[in-house]
Chemist: 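What follows is a structure written as C-alpha cells; I'll ask about it next.
We count ligands from 1, going down the list as the structure has it; atoms in each ligand are counted the same way. Scope of the values below: all heavy atoms of this structure, side chains included, with no hydrogens, waters or symmetry mates.
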Amino acid sequence: MPTFNERENVAELARRIDIVLSNVSYEIIYVDDDSRDGTLQVLREMAESDARIRLVHRIGRRGLSSAVVEGIQSSAAPCFAVIDADLQHDETLLSAMFEAISADKADLVVGSRYVSGGGVGDWSKSRQLVSRFATWMSGLVLKAHLGDPMSGYFAMNRSTFDEAARRLSQQGYKILLDVVASLPTAPRVLELPYVFSARVHGESKLDSAVTWEYLLLLADKLVGHIVPVRFLMFIAVGGAGVFVHMAVLAFLFRGIGQAFIEAQTIAMIAAMTFNYFVNNFLTYRDRRQKGWKIVYGLISFYAVCSFGAIANVGIANFAFGYEYSWWLAGLAGILVGAVWNYAASSVVTWGAK
Ligand code: GDD
Ligand code: MN
C-alpha cells in the first residue's frame, strides 16, 4: 500500500482488510514517502501492536510506482495485491482476488472500473474522456488485453511479477501498465468490476505531471530498450533551443542592427538559458533545481555547454579534414556535442545528491 499523507485513512483500511481477509494469512506493507501529516506516527503505532503490519519509510524519494515495487520486493509472499490507502479502491474484492491467484485460475487479477459492473462514480465528463483516451493509447505497449490498464488495484502471483521485475520503468503512477508491458508473455488475466469511490479524507496526489509521466512511460516501453527516453527529450529541447537562438539572432542582427559577433553571442546565451530551464522543468523534473540551486545549475550548464561547443567544432573540423562533406562533418560535430552536453550535464548539473 503506497501512502503519502493519508493519516485519516490507513487505520480504517487495515481494519476493513482484516475483516475481508479473515481466513487468509497475510501481511500489510505500507511504503510511505516521508509523509508530514502524521501518517508515519499512525503507521508505527499500528505496526507496534500488530506484527502483520510493516512499514517501509523512504526519505528523499517520491513516486507511486517505485513505492509499490519496493513494497512488493520487501516481501516474500507468493501472492500479493496492490491497493491505494485512501479507501477509493473497494477492498472487499481482495478475497476473490486472492482466491483466483492461489487456486491458479489467473496470474493477474485486476480491479477494473471498465468492465460491466464497474464504474468511476462521479467523475466529470472530461476526466472520463481523458481516462478513456489514455486507456486506448496503452494498447500500443500492452501484451494482454486489459479493460482498465490504468487501474492501481490488482493482485498477482510472485512468479509473474518476477518475470517483469528487471524490465520495469517505475516511472510515474501506472504500475500495472508497467508490469504488464514488461512481461515477456501475456499473463492470464481476470478482471473484477468495482466502482471507484470518492475520496473522503486527504487529497489526491495526481497533478498535471501525471499525463507527462504517462507519456514517458509509454515512450520508455516503446523505444527505451534502444535509447534512453531522457536523452531523446534532451535532444528535443536542444532542437527547440535552435529556434530560440535563431529568433534572438534575427532580432538583434537584422532587427536592431547589432554587430554579428555580439548578436550571435547573446543568442547563444539565450538558447543555453532556455535549454537549462526547459530541461530543468521537463527532462529532469525528478531532480528539479529550485531556489538558489538554479543559479548554480545555470552556471554549471553554461560551462558544460561551452565544452560541448568546443568538442562540436573540433570534431566537425576533424571530419571535414578527412574530406567528409561539409554537412556530414557539421552533423558529426552536433552529435558529439549533444552527447557530451547530455552526459556531462546529467552528472555536473543534475547529478544525484
Ligand atoms: N509512497 C507514495 N509515494 N505513495 C503515493 C505517492 C508517492 O509519491 N503518490 C500517491 N501515493 C499514494 C496515495 O497516498 C494513495 O494511497 C495512492 O498512492 C493513490 O494516490 P491518489 O493521489 O489518491 O491517486 P488517485 O486516487 O487519483 O488514482 C489512483 O487510482 C487510480 C484508479 O485505480 C492511482 O492508483 C491511479 O494510478 C489509478 O489509475
Ligand atoms: Mn486516490
Chemist: Would Asp34 and His57 count as a side-chain hydrogen bond (donor to acceptor under 3.5 Å, both in side chains) if you check the C-alpha gap in whole Å, the side-chain angles of each, and the deciding distance to 0.1 Å?
Modeler: CA-CA 6 Å; Asp34 210 17; His57 175 192; 2.8 Å; yes
Chemist: Which residue and non-hydrogen atom of the protein lie closest to atom 3 (N) of ligand 1, and at what distance in Å?
Modeler: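 The closest heavy atom on the protein side is Asp33 OD2, 2.6 Å.
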Chemist: Report, in ascending order of atom number, the atoms of ligand 1 lying under 4.0 Å from any heavy atom of Gly63.
Modeler: 3 (N), 7 (C), 8 (O)
Chemist: Only heavy atoms count here, so choose which of Val56, Leu13, Asp84 is nearest to atom 30 (O) of ligand 1.
Modeler: Asp84
Chemist: For the Mn ion (ligand 2), count the protein N, O or S atoms found under 2.8 Å away.
Modeler: 2
Chemist: Heavy atoms only: which of Ser35, Ser151, Pro2 is nearest to atom 12 (C) of ligand 1?
Modeler: Pro2
Chemist: Without hydrogens or angle criteria, can the side chains of Glu6 and His201 be said to hold a donor-acceptor pair below 3.5 Å?
Modeler: no
Chemist: For residues Tyr30 and Arg54, determine if any side-chain heavy atom of one lies less than 4.5 Å from a side-chain heavy atom of the other.
Modeler: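 Tyr30 vs Arg54: side chains apart.
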Chemist: Considering both backbone and side-chain atoms of Tyr153, is one of its nitrogen or oxygen atoms within less than 3.5 Å of a nitrogen or oxygen in ligand 1?
Modeler: no
Chemist: Can you tell which part of Tyr194 has a heavy atom less than 4.0 Å from ligand 1: side chain, backbone, both or neither?
Modeler: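 Under 4.0 Å from ligand 1, Tyr194 contributes side-chain atoms alone.
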Chemist: Return a yes/no value for Arg58: is any of its N or O atoms, backbone included, closer than 3.5 angstrom to an N or O of ligand 1?
Modeler: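 Min N/O separation from ligand 1 is not below 3.5 Å for Arg58.
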Chemist: Between Lys205 and Asp33, is there a side-chain N and carboxylate O pair less than 4.0 Å apart?
Modeler: no
Chemist: Quick one: look up the protein heavy atom nearest atom 38 (C) of ligand 1 and list residue, atom name and how far away it is.
Modeler: Met150 O, 3.3 Å
Chemist: Check whether the side chains of Arg230 and Ser346 place a donor and an acceptor atom closer than 3.5 Å, and report yes or no.
Modeler: no
Chemist: Could you see if Ile53 belongs to whatever hydrophobic cluster contains Leu40? Use Ile, Leu, Val, Met, Phe, Trp, Tyr and a side-chain cutoff under 4.5 Å.
Modeler: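 Yes, because Ile53 and Leu40 connect within a single hydrophobic cluster, where side-chain heavy atoms sit under 4.5 Å apart.
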Chemist: How far is atom 10 (C) of ligand 1 from its nearest protein heavy atom, and which residue and atom name does that atom have?
Modeler: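 In this structure, atom 10 (C) of ligand 1 has Lys205 CB, 3.8 Å as its nearest protein heavy atom.
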Chemist: Tell me: protein heavy atom nearest atom 5 (C) of ligand 1, and distance?
Modeler: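 Ranked first by proximity to atom 5 (C) of ligand 1 is Phe4 CB, 3.8 Å.
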Chemist: Go through ligand 1 atom by atom and flag the ones less than 4.0 Å from a non-hydrogen atom of Gly152.
Modeler: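 Once the distances to Gly152 are compared, the set is 32 (C), 33 (O), 35 (O), 38 (C).
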Chemist: Taking non-hydrogen atoms only, is Ala85 closer than 4.0 angstrom to ligand 1 via side chain, backbone, both or neither?
Modeler: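 Contact part for Ala85 vs ligand 1: both backbone and side chain.
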Chemist: Could you tell me the separation between the CE atom of Met150 and the OG1 atom of Thr135, rounded to the nearest 0.5 Å?
Modeler: 4.5 Å
Chemist: What atoms in ligand 1 come closer than 4.0 Å to a heavy atom of Arg199?
Modeler: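 Those qualifying, in numeric order: 21 (P), 23 (O).
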Chemist: Indicate yes or no: at least one non-hydrogen side-chain atom of Leu94 is less than 4.5 angstrom from one of Tyr153.
Modeler: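 Side chain of Leu94 against side chain of Tyr153, heavy atoms only: contact under 4.5 Å found.
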Chemist: Geometry only, no angles: is Asp32 polar-contacting ligand 1 at N/O separations under 3.5 Å?
Modeler: no
Chemist: Are there more than 12 heavy atoms of other residues, nucleotides or ligands under 6.0 Å from atom CD1 of Ile19?
Modeler: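 Yes, because the 6.0 Å sphere around CD1 of Ile19 holds more than 12 heavy atoms from other groups.
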Chemist: Give every residue pair that meets the side chain to side chain donor-acceptor pair (under 3.5 Å) criterion with at least one member in residues 251-260, sequence neighbours excluded.
Modeler: Gln258-Glu262
Chemist: Give the residue and atom name of whichever protein heavy atom lies nearest to atom 36 (C) of ligand 1, and the separation in Å to one decimal.
Modeler: Lys174 NZ, 3.5 Å
Chemist: Step through it carefully: locate the ring centre of Phe318, locate the ring centre of Tyr322, and say whether they are under 6.0 Å apart.
Modeler: yes
Chemist: Between Ser169 and Lys221, is there a side-chain heavy-atom distance shorter than 4.5 Å?
Modeler: yes
Chemist: If I take atom CG from residue Asn9 and atom CG from residue Asp84, how far apart are they, to the nearest 0.5 angstrom?
Modeler: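 Going from the CG atom of Asn9 to the CG atom of Asp84 covers 10.0 Å.
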Chemist: State if Met1 counts as touching ligand 1 under the rule of any non-hydrogen atom under 4.0 Å.
Modeler: no
Chemist: What protein heavy atom sits nearest atom 14 (O) of ligand 1, and how far away is it?
Modeler: Glu6 OE2, 2.5 Å
Chemist: What protein heavy atom lies closest to atom 8 (O) of ligand 1? Include the residue and the distance to one decimal.
Modeler: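 I find the closest protein heavy atom is Arg62 NE, 2.6 Å.
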Chemist: Spell out, yes or no, whether Ile269 and Tyr276 are grouped together once hydrophobic residues are joined by side-chain heavy atoms under 4.5 Å, including indirect joins.
Modeler: yes
Chemist: Would you check if Asn275 and Phe234 make a side-chain contact, meaning some heavy-atom pair closer than 4.5 Å?
Modeler: no
Chemist: Please report which non-hydrogen protein atom sits nearest to atom 25 (P) of ligand 1, along with the residue it belongs to and the distance in Å to one decimal place.
Modeler: Leu206 CD1, 3.8 Å
Chemist: Counting from 1, what ligand 1 atoms have a heavy atom of Arg113 closer than 4.0 Å?
Modeler: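 Listed by number with element: 32 (C), 39 (O).
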Chemist: Quick check: is Ile101 connected to Leu192 through a chain of hydrophobic side chains (ILVMFWY, heavy atoms under 4.5 Å apart)?
Modeler: yes
Chemist: Pick, from Thr135, Ile83, Val31, Leu64, the option with the minimum heavy-atom distance to atom 1 (N) of ligand 1.
Modeler: Val31
Chemist: Check this for me - ligand 1, Glu203, N or O atoms closer than 3.5 angstrom, yes or no?
Modeler: no
Chemist: Check each heavy atom of Gln88 against ligand 1 and say whether those closer than 4.0 Å belong to the side chain, the backbone, both or neither.
Modeler: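 Side chain only.
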Chemist: Tell me whether Phe196 has any N or O atom under 3.5 angstrom from an N or O of ligand 1.
Modeler: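 Such a contact does not occur with ligand 1.
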Chemist: Could you tell me if Arg132 sits above the aromatic ring of Tyr114, with its cationic atom closer than 6.0 Å to the ring centre and no more than 45 degrees from the axis?
Modeler: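 Yes, Arg132 lies over the aromatic ring of Tyr114.
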Chemist: Does the Glu191 side chain pair with the main chain of Gly147, one donor and one acceptor, at a distance under 3.5 Å?
Modeler: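 Yes.
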